[in-house]
Amino acid sequence: MSEASNLSILFGAWPKGWVDESCFTHELRAVETPSEGQLLVRTLVLSVDPYMRGRMSNAKSYIPPFAIGKPIESGGIGEVLHSESPLFSAGDVVVGVLPWQEQGVTAAKSVRKVTPDAPLTAQLGVLGMPGLTAYVGLLDIGKPKAGETVFVSGAAGAVGSIVGQLAKIQGCRAVGSAGTDNKVRYLVEELGFDAAFNYKTVGDQRKKLKELCPSGIDVYFDNVGGETLEAVIWNLNDHARVPLCGMISMYNETELPPGPRNLMELVRRRARMEGFIVSDHGHRNQDFTRDVLGFLAEGRLKHSETFFDGLAQAPRALIGMLKGENVGKMLVRVASPAGS
Ligand code: NAP
C-alpha cells in the first residue's frame, strides 16, 4: 500500500442527539509502523455496537470517549501483516480491538488469535462479546429456573436473540419485543420464542405483557430501558430478577426522560435490578465458549448477521444498528482473508 492510501475513518465531531455521517471523517493516511508490543493488522471484519454511542460523548463512563481526529475503534477481526510481539506472527488471524482503517496498528494485548474451529464472523457475535453478555447476564444475574417466564427487549438483536434462546434451553418460557413485524415473526417462527410483540405499534405495553406473560415475569433482561422497563415492572413476579444490560432507547436523547415512575413496585415484589458490564465477567469465557459451541453444533441455538460491505460503509452500519436496521449482529465486511 503506497503513502497516504490507507482508508481511515476518524471521529470527526461530537453528535448532538442522533449520530449522523457528519460525526465521521474519511481520510487517506500513510500506513503506520508498529512499535514494540504492537501489531500491524489488515482489517477483515468490524463490529458496530451500541456502547460505541457512549464513546461519542464526554459523559463519565466505564470506557473513555473517542478522540476527535483519531480513528474510531471497535471490535474486529484482522490478519497480522507485521508483528512486534513474540505472541503473534505474520499471517495470524486475530480478534479484538481494531482501528477503523484498512491497515491499522493495534496493541498485541488488545487482541487474541481467533478460535480456529469456529466460524469467523460469529466470533464478533454469538461467540463473542454480545454472546458472552447474553450468557452472563441471563444465567449469572437473571438466574432463570425451569418453568419461569423470561422477557427480553431488543430481542431480535445480537444480545437479545441469544438471551431468548438460552432461556428456552433453560426450560423457561421466552417472550421478546422488537421494532418491526418481521423481527417479531423471526423471533417466534425461527428462534422459537413463545411469544413476541412490536413495541412500536402495540400501544399499551403493560397490557400486552400481561396478556403474553399470564403467570407474570420472573426475569426481565433489559436492553432498552424507558417505557418498556416501566411496563415490565408492573408485571414482575415476587422475587423477580432484572439484569440491566443497556438502555438503548436513551442513547441518542439530549435530555434523560423521567422514570421509571413505579420503582416502589420493586419493593412490594421484593424484586432485584442489577446492572452489569460484560468485561467484568471474563472468567466465564471458557464455560461460555464450550456451552455455546455445543448449542450451535446441536442446532439448539441459531444466530443471524446483517452485513454492510466496505470500510467506507462502517458509519452507515453504526447508524443503521442504532436505528434498528439489523437482525442479529450488525457487521462490516472490509476485506477477505488472504487465500480465500
Ligand atoms: P442490537 O440489539 O444488535 O442492536 C441494537 C437494537 O436496538 C436495534 O436493532 C433496535 O432494534 C434496538 N433499538 C434501537 N432503538 C431502540 C429504542 N428506542 N427502543 C427499543 N429498542 C431500540 O445491539 P446489541 O449489541 O445486542 O446490544 C443490545 C443492548 O445491550 C444495548 O442496550 C447495549 O448497550 C447492551 N449491551 C450491554 C453490554 C454490557 O456489558 N452491559 C454488552 C453488550 C451490549 P429494534 O428494531 O427492535 O428497535
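Counting begins at 1 with the first residue of the sequence. All figures in this text were calculated on a predicted structure; none of them were measured in a lab. Every number for a ligand or one of its atoms is a count from 1 in the order of the listing.
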Within the 4.5 Å heavy-atom criterion, are [X] and [Y] side-chain neighbours or not?
X	Y	answer
W18	K323	yes
V111	V95	no
M273	L229	yes
M321	P50	yes
R333	T121	no

Using a strict cut-off of 4.0 Å, indicate which atoms of ligand 1 neighbour a heavy atom of [X].
X	answer
V278	39 (C), 40 (O)
S249	17 (C), 18 (N), 19 (N)
G157	1 (P), 2 (O), 3 (O)
V224	20 (C), 21 (N)
M247	32 (O)
F276	39 (C), 40 (O), 41 (N)
A178	47 (O)

Closest approach of any protein heavy atom to [atom], naming residue and atom:
atom	result
atom 12 (C) of ligand 1	I248 CG2, 4.1 Å
atom 14 (C) of ligand 1	L322 O, 3.2 Å
atom 38 (C) of ligand 1	T133 CG2, 3.6 Å
atom 8 (C) of ligand 1	M321 O, 3.3 Å
atom 27 (O) of ligand 1	P50 CG, 3.4 Å
atom 44 (C) of ligand 1	V159 CG2, 3.9 Å
atom 29 (C) of ligand 1	N223 OD1, 3.3 Å
atom 46 (O) of ligand 1	K183 NZ, 2.6 Å

Using 0.5 Å steps for rounding, measure from the [atom1] atom of [X] to the [atom2] atom of [Y].
X	Y	atom1	atom2	answer
D204	K208	CG	NZ	10.5 Å
Q101	I72	CD	CD1	11.5 Å
D194	R173	CG	CZ	5.0 Å

Look at the side chain of S8 and the backbone N and O of N6, then say whether any donor-acceptor pair between them is shorter than 3.5 Å.
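Looks like yes, one N/O pair under 3.5 Å.
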Using modelled atom types and a 3.5 Å cut-off, is there a donor and acceptor pairing between side-chain atoms of T115 and backbone atoms of D117?
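Answer holds: no.
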Option of least heavy-atom distance to atom 37 (C) of ligand 1 (set: A155, C245, G324, A158)
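Going through A155, C245, G324, A158 one by one, C245 has the nearest heavy atom to atom 37 (C) of ligand 1.
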Would you mind finding which of Y251, Y62, Y199 brings a heavy atom closest to atom 21 (N) of ligand 1?
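Considering heavy atoms of Y251, Y62, Y199, the nearest to atom 21 (N) of ligand 1 sits in Y199.
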Picking from V163, V150, T149, what satisfies side-chain contact (heavy atoms from CB on, under 4.5 Å) with V219?
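So, applying the side-chain contact (heavy atoms from CB on, under 4.5 Å) to V219 and each of V163, V150, T149, only V150 qualifies.
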Can [X] be said to touch ligand 1, with heavy atoms closer than 4.0 Å?
X	result
A156	no
G328	yes
M129	yes
M330	no

Give me the ring orientation class for Y135 and F288: parallel if the planes are under 30° apart, tilted from 30 to 60°, perpendicular past 60°.
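Rings of Y135 and F288: perpendicular, as their planes differ by over 60°.
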Indicate the ring-plane relationship of F151 and Y220, choosing parallel, tilted or perpendicular according to the 30° and 60° boundaries.
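Rings of F151 and Y220: parallel, as their planes differ by under 30°.
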Give yes if a backbone or side-chain nitrogen or oxygen of [X] is under 3.5 Å from a nitrogen or oxygen of ligand 1, and no if not.
X	result
G179	yes
N326	yes
D49	no

Is it true that S279 and Y62 share a donor-acceptor pair across their side chains at a distance under 3.5 Å?
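Judged by distance alone, the side chains do not pair up.
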